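By convention in this document, chain letters (A, B, ...) are assigned in the order of the sequence lines, proteins followed by strands, and residues within each chain are numbered from 1. All values derive from a computational prediction rather than experimental measurement.
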Amino acid sequence: QKEVEQNSGPLSVPEGAIASLNCTYSDRVSQSFFWYRQYSGKSPELIMSIYSNGDKEDGRFTAQLNKASQYVSLLIRDSQPSDSATYLCAVREGSGYALNFGKGTSLLVTP
Amino acid sequence: DAGVTQSPTHLIKTRGQHVTLRCSPISGHKSVSWYQQVLGQGPQFIFQYYEKEERGRGNFPDRFSARQFPNYSSELNVNALLLGDSALYLCASSFRLAGGISSYEQYFGPGTRLTVT
């Protein structure tokens, strides 16, 4: 069973701080990694995709990938209360198209 | 451009009944995937279709079936509904870049919330 693991949280950070969300995966041949944001009662929204080792930045978001450690993370700089949501880590399985999701980390940004 | 659309938004069914959920992908996207999300869990992969052919199937019973139409819209069918089928059903669309290179980014629709009583 290929696993994607996330700390369920809640992770609480003050407004303006950096939120760090982590994800580990078990399938060594995984090549594509995604972060989705899901507000309560809504569907997941794609925030970032990352395919190569290293950092990828998009606005306040930075995704970090370390394939050797089978670890992917999402940093949110200058966190805002509107960032309060569940963040889902997703890994594309092998050569297929299916995404394998973690259970998500709940983030709470307090004013 | 319009995003992924799904219908209906909400649905209440009784155990043993059948349900059909519908999805239209983003214009230009030829691939549709279906996921089931129960409360407190991440989405679970059910099916993927590309160019009207099934390209992947998750660990779901044969009561679940799907198809994709020539206009790339898709239907998910579930027979003999069980209480445990109550969930948010998500459709995601994705595309291939020029030259046949795949983009694996998947964009979700608003979902259909199915309640089985």
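In terms of non-hydrogen atom pairs under 4.5 Å with chain A, the most contact-rich of B/S33, B/P43, B/S31 is B/P43.
Aromatic rings of B/Y35 and A/F101 (six-membered ring for Trp) have centroids within the 6.0 Å cut-off, being under it.
At a 4.5 Å heavy-atom cutoff, the contact between A/L46 and chain B is made by side-chain atoms alone. For A/Q38, the part sitting under 4.5 Å from any heavy atom of chain B is the side chain, from C-beta outward, and nothing else. Contact of B/Q48 with chain A is made through the side chain alone, with heavy-atom distances under 4.5 Å.
Connection of B/F60 to B/L76 is established within a shared hydrophobic cluster, with ILVMFWY side chains joined at heavy-atom distances below 4.5 Å, either directly or through further cluster members.
Here OH of B/Y104 is found 12.5 Å from CZ of A/F33. Values are rounded to the nearest 0.5 Å. To the nearest 0.5 Å, atom CE of residue A/M48 and atom CD of residue B/E105 are 10.0 Å apart. Note: B/F108 CZ to A/L99 CG = 6.5 Å, rounded to the nearest 0.5 Å.
With a 6.0 Å radius and a threshold of 12 heavy atoms from other residues, nucleotides or ligands, B/K52 has its NZ atom above the threshold. Within a 6.0 Å sphere centred on CZ of B/R15, heavy atoms belonging to other residues, nucleotides or ligands number 12 at most. Surrounding CG of B/N71 are more than 12 heavy atoms belonging to other residues, nucleotides or ligands, all under 6.0 Å away. For B/L39, the CG atom counts as loosely surrounded, since its 6.0 Å shell holds 12 or fewer non-hydrogen atoms of other residues, nucleotides or ligands. Crowding of A/K56 atom NZ: a count of heavy atoms from other residues, nucleotides or ligands under 6.0 Å exceeding 12. More than 12 non-hydrogen atoms from other residues, nucleotides or ligands lie less than 6.0 angstrom from CG of B/L82.
A/S43 and B/L90 get closest at one heavy-atom pair: CB-CD2, 3.6 Å.
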